[in-house]
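Heavy-atom basis, side chains included; hydrogens, waters and symmetry copies ignored. Predicted model only: the values in this text are computed from it and were never measured.
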Amino acid sequence: YFWHPAYDDYPVVGITWKQARAFCVWRTQYMDSYLQSIGHTIVNDWRLPTETEWEYACRAGSTTAYPFGDDASVLREHGYFKENSNSKFHHVGQLKPNGWGLYDMLGNLSEWTIDQYDPLCYSKMSDKDPRTDPVSKHPKVIRGGSYLDESKELRCANRKASDASWNKRDPQIPKSKWWLTDGMFVGFRVVRPLKQPSAEEIEKFFALYLK
């Protein structure tokens, strides 16, 4: 979204779940092409995290409401939210990271995950790292809270569902698959699995998540 040098080190905003996924496909294919050009045959897979992966990374081994404990008064040292954001998002990496060195897991921008939103999903899950596969454009799961949210919405376990109203001012008919006119509080981060899947598994996965 921001290509101008003035926006260096800002998070990317204003893109849909599908656009974030398309970036992951491009990133995967670009890196594969680059590695092949220099003689490597490593298969790379860049994708959005599942919401359970996201929470695991956010907690950084903690079991408290926030990675640093339960005291919300300390939150302003770790994330931008309603109390300290001045109603705008900020440069990344300005506040304290969590215990694993990850910045901006809480606040600044909420972040897309792979999962379809299901309010009852955790009562149904049994796999080690489950996910809820996409069945419709909305609702998808976002995590982390944003610069517009109250402190309680930045808790590690807090979940929020995407909504079609985040695109209500889009003048196009049909509305864009790529652009969020009213979702300027949503961004994304990517993960690269430690155990890399095969090229066939990656292709099958992308086919499912780019429908």
Rounded to the nearest 0.5 Å, what separation is found between the [atom1] atom of [X] and the [atom2] atom of [Y]?
X	Y	atom1	atom2	value
Phe185	Leu180	CZ	CG	8.0 Å
Thr181	Lys175	OG1	NZ	6.5 Å
Thr113	Arg47	OG1	CZ	11.0 Å
Cys58	Asp104	SG	CG	11.0 Å
Trp54	Leu102	CH2	CG	10.0 Å
Met105	Glu55	CE	CD	9.5 Å

Search all heavy atoms of [X] against all heavy atoms of [Y] and return the closest pair with its distance.
X	Y	value
Lys152	Arg155	O-NE, 2.8 Å
Leu154	Gly144	CG-O, 3.4 Å
Pro197	Asp45	CG-OD2, 3.6 Å
Thr16	Ser176	CG2-O, 4.4 Å

Going only through I, L, V, M, F, W and Y residues with side-chain contacts under 4.5 Å, is there a path from [X] to [Y]?
X	Y	result
Leu109	Ile142	yes
Leu148	Val92	no
Val13	Leu48	yes
Tyr10	Tyr103	no
Leu95	Phe68	no

Can you find a pair of side-chain heavy atoms, one from [X] and one from [Y], that are under 4.5 Å apart?
X	Y	result
Glu150	Phe81	no
Val190	Phe23	yes
Cys121	Asp115	no
Ser110	Asp149	yes

Chi angles and distances behind the side-chain contact (heavy atoms from CB on, under 4.5 Å) call for Tyr147, Met184: CA-CA 10 Å; Tyr147 65 96; Met184 302 300 285; 4.3 Å; yes
Using atom types as modelled and distance alone, determine if a side-chain donor or acceptor of [X] lies under 3.5 Å from a backbone N or O of [Y].
X	Y	result
Asp70	Thr64	no
Asn167	Trp179	yes
Asn84	Arg76	yes

Among Glu51, Glu53, Glu111, Glu153, which residue meets the salt bridge (charged side-chain N to carboxylate O under 4.0 Å, His left out) test with Arg143? Glu51
Criterion side-chain contact (heavy atoms from CB on, under 4.5 Å) on Arg59 and Ser62, from CA distance to verdict: CA-CA 5 Å; Arg59 288 189 176 281; Ser62 70; 3.7 Å; yes
Check the angle between the aromatic planes of Trp166 and Trp112 and answer parallel, tilted or perpendicular using the 30° and 60° thresholds. tilted
Run the salt-bridge test on Asp182 and Arg169 with the 4.0 Å N-O cut-off and return the result as yes or no.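 A salt bridge links Asp182 with Arg169.
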Can you tell which of Gln116, His138, Lys140 makes a side-chain hydrogen bond (donor to acceptor under 3.5 Å, both in side chains) with Ser162? His138
Result of checking His90, His91, Lys88 against Tyr80 for side chain to side chain contact (heavy atoms under 4.5 Å, CB included):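 Of the listed residues His90, His91, Lys88, the side chain to side chain contact (heavy atoms under 4.5 Å, CB included) partner of Tyr80 is His90.
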Test of ring centre spacing under 6.0 Å for His78 and Tyr66: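 No, too far apart.
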